[in-house]
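Here is the structure we will look at.
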Amino acid sequence: MSAGGLPVPGRARPPEHRQESTNLADILERVLDKGIVIAGDIRVNLLDIELLTIKIRLLVASVDKAREMGIDWWEHDPTLSSGQRDLADENRRLRERIGALEATRGDENQGRRPLEGEKNDGTRRD
Amino acid sequence: MGPGVTDTLLYVYAVTDADLVDAEVDGLSAVDDAPVHVIAEAAVAAVVSAVDAQRFDALALKRSLEDLQWLEGVARAHDAVVSRLASHRPVAPVRLATVFTSTENVRTLLRTRARDFTAALDRVRGRCEWAVKGFVITGHTAPATSAPAPGLSPGRSYLERRRAERDHRAQNQHEALTEAAALHDQLAQLAIASRQYPPQDRTLSGHRDEMVLNVAYLLPNGEESEFRQVVDAYQGRHLRLQLAGPWAPYSFAILEGDQ
């Protein structure tokens, strides 16, 4: 998911009532996703807007949307969170790359024992 | 305020009690630096400013909202008006870019939904919102795998090293998530209400570390010290924590039936 050019450098307005300087992401997730919804005379569906759907929704996605995206740590076993899946994916890609490297080097691939713990890991490909 | 002038529209920031007077909103920095006005009707009042119809009609808005710099200006102005009001009175913030064509239409809205707005205001009367974010602390104890085991091929030792790093990060994250859940439990007990936000995407938030906690809590005004102590107690163990507030009660001044 590309979010080129973000975040935009903030125009440094002094924070009014908050001690910490408020970053844009914090403001956007509130003003775009929270607050009471009133049908004004000018109808703009914020979620129809391309930038919002692509970039801002990453940030202000409703909880339902977050669940669809796999961000649901508060409901499930923490070890199943998306970050872990990323790590597992990264690990699998890495192993595939190493496997290919070793194959081209002609190392004694046929004698390669499983690494410690590898037998418990269903994602092995080679 | 020029409601009769056709080239301006009315941008609505928030709804509050009907006792709000113009003097209270004097000098607020609004969208396009326009003066802020009060439209009171029934038991409630809307806080509005005039905006250029050329730039706030449906088509222009749709285009403008794609422009993150423009969006930032409007969002910050919106929040500035809302938070200034919220610092001394109950406020129900209205979602960004809520625009009306006339004062009369705003009055009609206030009249027809006065009861809903009052109920939303009652939920946040004398209360404010605090935000807690938690980030996984990474790399504070690097795994001791710098010396490759003798006899391993370079590929194998690289693989072993990456595996150890992976395990370490996974362990780190597991501890951070467990800690985040425990912290949230404690904070929620001190709060009147809480709402979870999805973790912010790194590219948008500008934070380097992974966010695993992003929650808004509703607290009585001025009663955040115990809350702050709990956050401090968890600070730096497995999580880097940010406490921000008081926010206007964006996450809690909601209408019946909304979320």
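Lettering of chains follows the sequences in order, A, B, ..., and the numbering in each one begins at 1. Side chains are part of it too, since the values below use all heavy atoms of this structure and drop only hydrogens, waters and symmetry mates.
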Value rounded to 0.5 Å, distance of CG in A:Asp26 from CG in B:Asp79
10.0 Å
Side-chain touch [X]/[Y], heavy atoms, less than 4.5 angstrom:
X        : Y        : answer
A:Ile36  : B:Phe117 : yes
A:Lys34  : B:Arg95  : no
B:Tyr197 : A:Arg30  : yes
B:Thr101 : A:Ile42  : yes

Side chain, backbone, both or neither of [X] within contact of chain A (heavy atoms, under 4.5 Å):
X        : value
B:Leu109 : side chain
B:Val15  : side chain
B:Ala58  : both

Minimum-distance pair of heavy atoms, taken over all atoms of A:Asp41 and B:Ser102
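Looks like OD2-N, 4.1 Å.
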Chain A contacts, top residue of B:Asp167, B:Asp116, B:Thr98, B:Val94 (heavy-atom pairs, under 4.5 Å):
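It is B:Val94.
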Of the options A:Val31, A:Leu28, A:Ile27, which is the one that meets B:Leu96 in a side-chain contact (heavy atoms from CB on, under 4.5 Å)?
A:Val31
A quick test of your reading: do over 12 heavy atoms of other residues, nucleotides or ligands sit less than 6.0 Å from CZ of B:Arg111?
yes
